[in-house]
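Worksheet: one structure, shown below.
Position 1 is the first residue of the sequence; numbering continues from there. Each ligand, and each atom within it, is numbered from 1 in the order the structure gives.
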Amino acid sequence: MKIPFYKPSLPPYDTIKKDVEDMYRSGMLAPSVYTNRFQEAVKEYLGVKYAVAFSNASDALMCLVAYIKHMTGKSKVISPGFTFAATWQSADWNGMESLIADVNEHGCIDIKSVERLLQKYPGEIACIIGVHVFGYAADVDELKRLSIQYGVPVIYDAAHGFGALYGWRPLGNNGLAEVFSIGTTKPLAAGEGGVVTTNDPTVAEAMYMAAMHGHKYGDLDVELTSLNGRIQEFNSIVAYHGLSYLDECMGWRWAAVDNYSKHFPMSFGNDKYDVCVSAVTDFSDRRYPSFKDYTIQVKVFNYGGDFELGNWINPKNTRDFICEYLENEGIGTKKYYYPCIPELKVRSINKTCEVDYEGDVPNYKMLADGCISIPFFVGITEEEQKYVISKLQEALSKCI
Ligand SMILES: Cc1ncc(COP(=O)(O)O)c(C=O)c1O
């Protein structure tokens with residue numbers, strides 16, 4: 001069997017055909033009527049006041065952080081160590097200093113770690129960036145508390161957030177603003193694209209300008225640090241129709257989650273090591289994640305015959321063995337997110353960063369060195385999932 005790591009969940013071609021033809025015949029490929037329609041649909045779907053479409057989430061994050069730097073006059077940003085590079089790059093591109101916080105067992109920014117950094121640098125933090133990792137909502141209530149207590153804005157990298165709920169509400173209404181992606185691998189996929197959502201009219205106005213080089217419509221003056229953040233009409237058409245299928249797709253995703261989740265945690269041991277594999281994301285009383293990926297974490301416990309004296313060791317070699325084994329059996333995998341942010345190669349050249357964690361090893365490193373995203377997409381069959389699980393069990397029995 002050959003199972004790809006993912007397949008994009010696009011709306012059926014027939015649903016987009018007419019709009020694509022009309023748009024093409026009109027010659028208007030740059031954002032106009034279809035992008036406006038998509039923005040209106042996002043506002044309604046997420047229940048938020050403003051939605052600004054962008055070329056992609058990375059550009060949108062950079063522009064949003066540039067705006068916050070300009071407004072606050074501060075240049076330190078708190079962000080998590082376990083995320084996609086784009087979260088950290090939004091500060092880096094603005095010449096800001098990142099303070100890397102630890103994460104919890106679901107990969108979301110750790111509240112205690114954020115608070116330690118806030119206390120260490122009073123009055124110096126421009127913003128905190130929370131990430132809804134794999135569509136599992138960050139601790140938005142706790143981050144709101146810190147934001148009010150320390151007077152520091154929180155923004156969210158909600159790249160995986162379409163389809164996710166917190167309580168019974170969609171994401172998109174938290175913090176100063178949230179930034180969604182509609183890139184190919186996301187639950188709402190349109191090739192490339194992003195959306196900034198906010199309930200603040202000033203932020204919305206700035207982001208409308210930021211998506212157009214910082215121009216006000218019809219004026220070539222530049223009012224804020226920006227770039228070419230324009231989405232294309234084609235992508236807005238695909239995303240608009242995709243939105244009508246999103247709830248149906250979430251039903252598929254959650255059913256496929258059930259099929260996988262009953263097999264975890266999974267473990268295998270011998271007289272020296274115990275290897276345990278568990279799901280990083282799950283449902284909780286408040287969170288209905290989008291499951292942008294189904295990611296598992298490999299943990300290795302070296303007890304050497306004595307559980308009292310044992311300790312967790314770095315799982316990277318075991319994780320790499322399992323990935324290779326699965327790939328050889330025709331199963332696509334990705335190591336999301338390896339390496340952790342402080343270990344990105346670019347950082348070792350000229351970019352040091354301050355990190356915060358408790359204990360010997362940060363959780364963001366244990367997650368990054370132990371993570372495997374396994375095949376997960378709308379339309380994956382039960383048979384395919386069974387095959388993945390059986391090969392994973394085989395790999396585990398051979399990895400130590
Ligand atoms: C957590 C996270 N943030 C930001 C991005 C960037 O999104 P985009 O590809 O739309 O720029 C990604 C992309 O995968 C991501 O995973």
Side-chain angles (χ1 to χ4, degrees), residues 5-6 8-10 35 38 42 51-66 77-94 98 100-101 103-104 106-109 127-138 154-164 171-172 174-175 177-197 207 210-211 226-232 234-236 238-239 242 280-281 289-295 334-341 344 364 367-368 371 373 376-377:
F5 166 65
Y6 93 100
S9 33
L10 299 174
T35 296
F38 171 54
V42 170
V52 185
F54 255 84
S55 42
N56 57 61
S58 308
D59 290 351
L61 278 166
M62 281 194 259
C63 289
L64 180 59
V65 172
V77 173
I78 299 178
S79 61
F82 181 71
T83 180
F84 187 60
T87 317
W88 165 74
Q89 282 167 328
S90 65
D92 188 51
W93 266 96
N94 281 299
S98 292
I100 303 297
V103 298
N104 62 25
H106 301 294
C108 294
I109 201 160
C127 68
I128 302 161
I129 311 182
V131 184
H132 306 306
V133 178
F134 310 130
Y136 185 91
V154 180
I155 59 168
Y156 289 96
D157 176 339
H160 308 177
F162 269 116
L171 300 176
N174 303 297
E178 302 208 48
V179 178
F180 293 80
S181 173
I182 51 172
T184 325
T185 59
K186 307 301 185 303
L188 179 64
E192 286 289 340
V195 188
V196 181
T197 62
M207 289 302 104
S226 185
L227 37 72
N228 175 0
R230 289 185 200 93
I231 193 170
Q232 295 299 288
F234 175 76
N235 304 37
S236 293
V238 176
V280 174
T281 310
S290 65
F291 287 94
K292 182 259 178 189
D293 296 300
Y294 195 93
T295 301
K334 277 264 169 359
K335 296 167 191 171
Y336 276 142
Y337 290 107
Y338 170 80
C340 58
I341 296 294
L344 294 173
Y364 60 71
L367 264 166
C371 62
S373 299
F376 192 72
F377 45 85

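- Residues Phe82 and Tyr337 bring their aromatic ring centres within 6.0 Å.
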Contacts table for ligand 1: protein N or O within a distance under 3.5 Å of ligand N or O, distances only.
from     : atom 1 : to     : atom 2 : distance (Å)
ligand 1 : 3 (N)  : Asp157 : OD1    : 3.1
ligand 1 : 3 (N)  : Asp157 : OD2    : 2.6
ligand 1 : 10 (O) : Ala57  : N      : 2.9
ligand 1 : 10 (O) : Ser181 : OG     : 2.7
ligand 1 : 11 (O) : Ala57  : N      : 3.4
ligand 1 : 11 (O) : Ser58  : N      : 2.9
ligand 1 : 11 (O) : Ser58  : OG     : 2.5
ligand 1 : 14 (O) : Lys186 : NZ     : 2.9
ligand 1 : 16 (O) : His160 : NE2    : 2.7
ligand 1 : 16 (O) : Tyr337 : OH     : 2.9

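- When all heavy atoms of Arg230 and Ser55 are compared, the closest pair comes out as O-CB, 3.4 Å.
- Applying the salt bridge (Lys or Arg N to Asp or Glu O under 4.0 Å) test to residues at least two apart or on different chains, the pairs with a partner in residues 78-93 are Asp92-Lys351.
- Distance alone, capped at 3.5 Å, is enough to place a donor-acceptor pair between the Asn235 side chain and the Glu192 backbone.
- Between the Asp293 side chain and the Phe134 main chain, no donor and acceptor come within less than 3.5 Å of each other.
- Between the side chain of Ser290 and the backbone N or O of His160 there is at least one donor-acceptor pair closer than 3.5 Å.
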